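Here the structure comes first, spelled out in C-alpha cells, and everything after it is commentary.
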Protein chains: 2
Amino acid sequence: MAHALSLHHRLSHADAPTDSDRTERAIAQSEAVCRSKGARLTPIRRRVLEALHGVDGPLGAYDLVDLLGSQGRRMAPITIYRALDFLIEQELVHRLASRNAYIASSGTVAGARTTAFLICDGCGDVNEIASPDVAETVLKVLRDQGYQPRTKVLEITGRCARCQDVH
Amino acid sequence: MAHALSLHHRLSHADAPTDSDRTERAIAQSEAVCRSKGARLTPIRRRVLEALHGVDGPLGAYDLVDLLGSQGRRMAPITIYRALDFLIEQELVHRLASRNAYIASSGTVAGARTTAFLICDGCGDVNEIASPDVAETVLKVLRDQGYQPRTKVLEITGRCARCQDVH
DNA sequence: TTATTTATGTAGTGTTATAACCTATATGAA
DNA sequence: TTCATATAGGTTATAACACTACATAAATAA
Ligand SMILES: [Zn+2]
Ligand SMILES: [Zn+2]
Ligand SMILES: [Zn+2]
Ligand SMILES: [Zn+2]
C-alpha cells in the first residue's frame with residue numbers, strides 16, 4: 001500500500017540521490033551564508049544538511065539517524081535534532097509540520113519572502129515554490145488581522161498531477 | 001515562561017468554556033450534517049466534538065483523553081484518535097499539524113472553500129479565517145502545478161497583535 | 001593563559017500516534 | 001426474525017517523534 005508508507009519505509013524506496021554536484025554547490029553556498037553570519041556549520045550540521053540535499057524529498061529525524069549512522073558512528077536522536085534546530089534557524093532547512101519531516105531549502109527559492117510547499121498525499125513528493133501572489137495575499141491577511149508573520153511558509157496538501165487518478 | 005506553555009498547561013488556564021449554548025448549537029448543526037451524509041455521530045464522537053467546541057483553542061489528543069476521562073471512564077488514546085479521524089473526515093474538526101492539536105471548525109467559516117489558521121507563536125491563540133483572496137491565489141498555484149487540492153487549510157504562524165512586543 | 005561560550009556525548013524520559021486483535025453494536029437482506 | 005456484513009469500540013502493546021538534564025569537549029574571547 002504505497003500510500004501508507006512511513007518515511008522510514010519510503011526512504012528505502014526513494015529515488016537515487018540527486019546529482020551530487022548540486023549538493024556540493026548547495027553546501028558551499030550554505031557555508032558562505034553561515035560564515036557571513038558568524039554561524040558555525042560544524043561537521044555534524046554539515047553532514048545533516050548534505051543528507052537532506054542528497055535525497056529527493058523530506059526525511060524524518062530518525063531517517064537521518066539511520067542514514068548518517070550507516071556511514072559512521074551512530075548519532076543519538078538529540079544530536080540530529082540539535083543539528084536540525086541550527087539549520088532551521090539559519091533557514092537552510094524547513095520543517096514540514098504536517099509530515100514530521102525536514103527538507104533542505106531549495107536554492108532556487110532562497111531569498112524568496114514566502115515559500116509554499118505543495119505536499120502530495122499520494123506519493124509524498126514535496127514541491128517548494130515561491131509564489132509572489134500567494135505571499136502578497138497572505139501578508140495582506142496577516143496585516144489586516146494585526147499578525148506579525150514569523151513563519152512565511154505554507155504547507156498545502158493535495159494530490160500531484162501523477163497521483164490524481166489513484167483512489 | 002508563557003511562551004512555552006504546553007497544551008496541557010494552557011488547558012487548565014483556559015478561558016472559561018465558551019457559551020454552552022453556542023456549543024449546543026454547533027453540535028446540533030453537526031448532527032444534522034452527519035445525518036444528511038449518513039455518517040454516525042456516536043456518543044464518543046459527540047463527546048470529543050463537544051469538548052473541542054467547549055474550549056477556546058486547540059486541544060491535543062491526550063488533553064482530550066484527560067478531559068473526557070475526568071468526566072467518566074477513561075478512554076484509550078486510540079479511541080480518541082479514531083473519533084478525531086471521523087470528525088476530521090466530516091470536516092467538523094481540523095488538525096493543526098504545526099501544533100499536534102485539534103480544533104473544532106468554527107461555524108462561521110463552515111462551507112468556506114479554503115480556511116486559514118493564524119496561529120500565534122506567543123500565546124497559542126488560533127484564529128480561523130476564510131479569505132477568498134488567499135483561497136483564490138492558492139488554488140491558482142495549485143492549478144498551475146497540476147495539483148488537485150485536498151486540504152484547503154493553511155496554517156500560518158506568526159505573532160498576534162497582543163504578542164508583538166514580547167521577545 | 002584562563003574564563004566563557006558553544007557544541008556534542010550520554011542516558012533517560014516525555015509526547016504523539018498507530019498496529020493488531022478481539023468484541024459489541026448497528027444495519028440491511030433473506 | 002435470523003443471519004450476514006459492516007462499522008464502531010475495547011484492550012494491549014508498540015511505533016514514531018521529540019526533548020530534559022547533565023557531563024564533557026571544543027572553540028572563542030578576555
Ligand atoms: Zn504500496
Ligand atoms: Zn503524488
Ligand atoms: Zn500557568
Ligand atoms: Zn498571541
Side-chain angles (χ1 to χ4, degrees), chain A residues 1 3-12 34-35 37-49 52 58-69 72-90 93-103 124, chain B residues 1 3-11 34-35 37-49 52 58-69 72-90 92-103 124:
Chain A
M1 200 175 67
H3 301 285
L5 292 180
S6 67
L7 281 169
H8 240 94
H9 187 106
R10 277 193 284 111
L11 178 57
S12 56
C34 287
R35 241 194 328 269
K37 292 197 275 183
R40 286 148 63 181
L41 188 61
T42 63
I44 287 177
R45 292 163 174 176
R46 186 194 171 106
R47 284 175 68 203
V48 170
L49 185 57
L52 288 171
L59 292 176
Y62 283 76
D63 290 329
L64 287 161
V65 170
D66 291 349
L67 197 55
L68 299 182
R73 196 162 153 297
R74 180 186 164 90
M75 283 180 277
I78 187 65
T79 301
I80 300 296
Y81 280 108
R82 289 196 277 225
L84 288 170
D85 284 347
F86 170 86
L87 295 168
I88 291 166
E89 188 78 25
Q90 307 303 320
V93 166
H94 289 294
R95 169 174 155 75
L96 296 180
S98 61
R99 296 256 160 181
N100 292 325
Y102 304 85
I103 189 166
Chain B
M1 200 175 66
H3 300 287
L5 293 181
S6 68
L7 283 169
H8 240 92
H9 187 107
R10 277 195 284 109
L11 178 57
C34 287
R35 243 194 325 270
K37 293 197 276 184
R40 285 148 62 183
L41 187 62
T42 63
I44 287 179
R45 292 163 174 176
R46 186 196 169 107
R47 283 176 69 202
V48 170
L49 185 57
L52 288 171
L59 291 176
Y62 283 77
D63 289 327
L64 287 162
V65 170
D66 292 348
L67 197 56
L68 298 183
R73 196 160 154 297
R74 180 186 164 91
M75 283 180 275
I78 186 67
T79 302
I80 299 295
Y81 280 106
R82 290 196 277 226
L84 288 170
D85 284 347
F86 169 86
L87 295 169
I88 290 166
E89 188 78 26
Q90 307 303 320
L92 299 173
V93 165
H94 290 295
R95 170 175 153 75
L96 297 180
S98 62
R99 296 256 158 180
N100 293 324
Y102 305 84
I103 190 167

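In what follows, chains are A, B, ... by sequence order, proteins preceding strands, each numbered from 1. This structure is a prediction, so every number in the text was calculated from the model and none was measured.
Judged by centroid separation below 5.5 Å and plane tilt below 30°, Tyr62(A) stacks onto the base of dC17(D).
The distance from atom CG of Leu41(A) to atom C1' of dA26(D) is 16 Å, rounded to the nearest whole Å. Counting to the nearest Å, the C1' atom of dT7(D) and the NZ atom of Lys37(B) are 17 Å from each other. One can place CG of Leu59(B) at 17 Å from C1' of dA17(C), the figure rounded to the nearest angstrom. Rounded to a whole Å, the CD1 atom of Ile80(B) is 12 Å from the P atom of dA17(C). Put simply, CG on Asp85(A) is 10 Å from P on dA18(D), counting in whole angstrom units. The CZ-P distance, from Arg99(B) to dC17(D), rounds to 20 Å in whole Å. Put simply, CZ on Phe86(B) is 19 Å from P on dA6(D), counting in whole angstrom units. Distance, Met75(B) CE to dG9(D) P: 10 Å, rounded to whole Å.
The closest donor-acceptor contact from the side chain of Arg45(A) to the backbone of Arg40(A) lies under 3.5 Å. The backbone N or O of Arg82(A) sits nowhere less than 3.5 Å from a side-chain atom of Asp85(A) that would complete a donor-acceptor pair. With Arg47(B) contributing its side chain and Leu68(B) its backbone, the two residues share a donor-acceptor pair below 3.5 Å.
When each of Ala83(A) and Tyr81(B) is assigned the nucleotide of DNA chain C with its nearest heavy atom, Ala83(A) is the one assigned upstream, toward the 5' end. Place Ala39(B) and Arg74(B) on DNA chain D by their nearest nucleotides, and Ala39(B) ends up nearer the 5' end.
Nearest heavy atoms, Ser98(A) versus Ala97(B): CA-CB, 3.5 Å. When every heavy atom of Tyr102(B) is checked against every heavy atom of Leu52(B), the shortest pair comes out as O-CD2, 3.4 Å. Nearest heavy-atom pair across Gly124(A) and Pro58(A) is O-CD, 4.2 Å. Nearest approach of Pro77(B) to Val65(B), heavy atoms of both residues: CA-CG2, 3.9 Å.
Using a 4.0 Å cut-off, no side-chain N or O of Thr42(A) falls inside it from OP1 or OP2 of dA7(C). An OP1 or OP2 oxygen of dG9(C) is reached within less than 4.0 angstrom by no side-chain nitrogen or oxygen of Arg82(A). Contact annotation: Asn100(B) side-chain N/O to dC17(D) OP1/OP2 distance is not under 4.0 Å. Using a 4.0 Å cut-off, some side-chain N or O of Thr79(A) falls inside it from OP1 or OP2 of dG9(C).
Across its full length, the helix from dT1(C)-dA30(D) to dA30(C)-dT1(D) shows an angle of 30° between the axes of its 5 terminal pairs at either end, rounded to 10 degrees.
Nucleic acid contact for Arg95(A): sugar-phosphate only, since backbone atoms but no base atoms lie under 4.0 Å from a heavy atom of the residue. At a threshold of 4.0 angstrom between heavy atoms, the contacts of Arg40(A) are confined to the sugar-phosphate backbone, with no base atom among them.
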Hey, mind stepping through Leu84(A) and Leu64(A) against side chain to side chain contact (heavy atoms under 4.5 Å, CB included) and telling me if it holds? CA-CA 10 Å; Leu84(A) 288 170; Leu64(A) 287 161; 4.0 Å; yes
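Among the nucleotides dG10(D), dG9(C), dC19(D), the one closest to any side-chain atom of Arg73(B) is dG10(D). Checking dA11(C), dG9(D), dT18(C) against every side-chain atom of Pro77(B), the shortest atom distance belongs to dT18(C).
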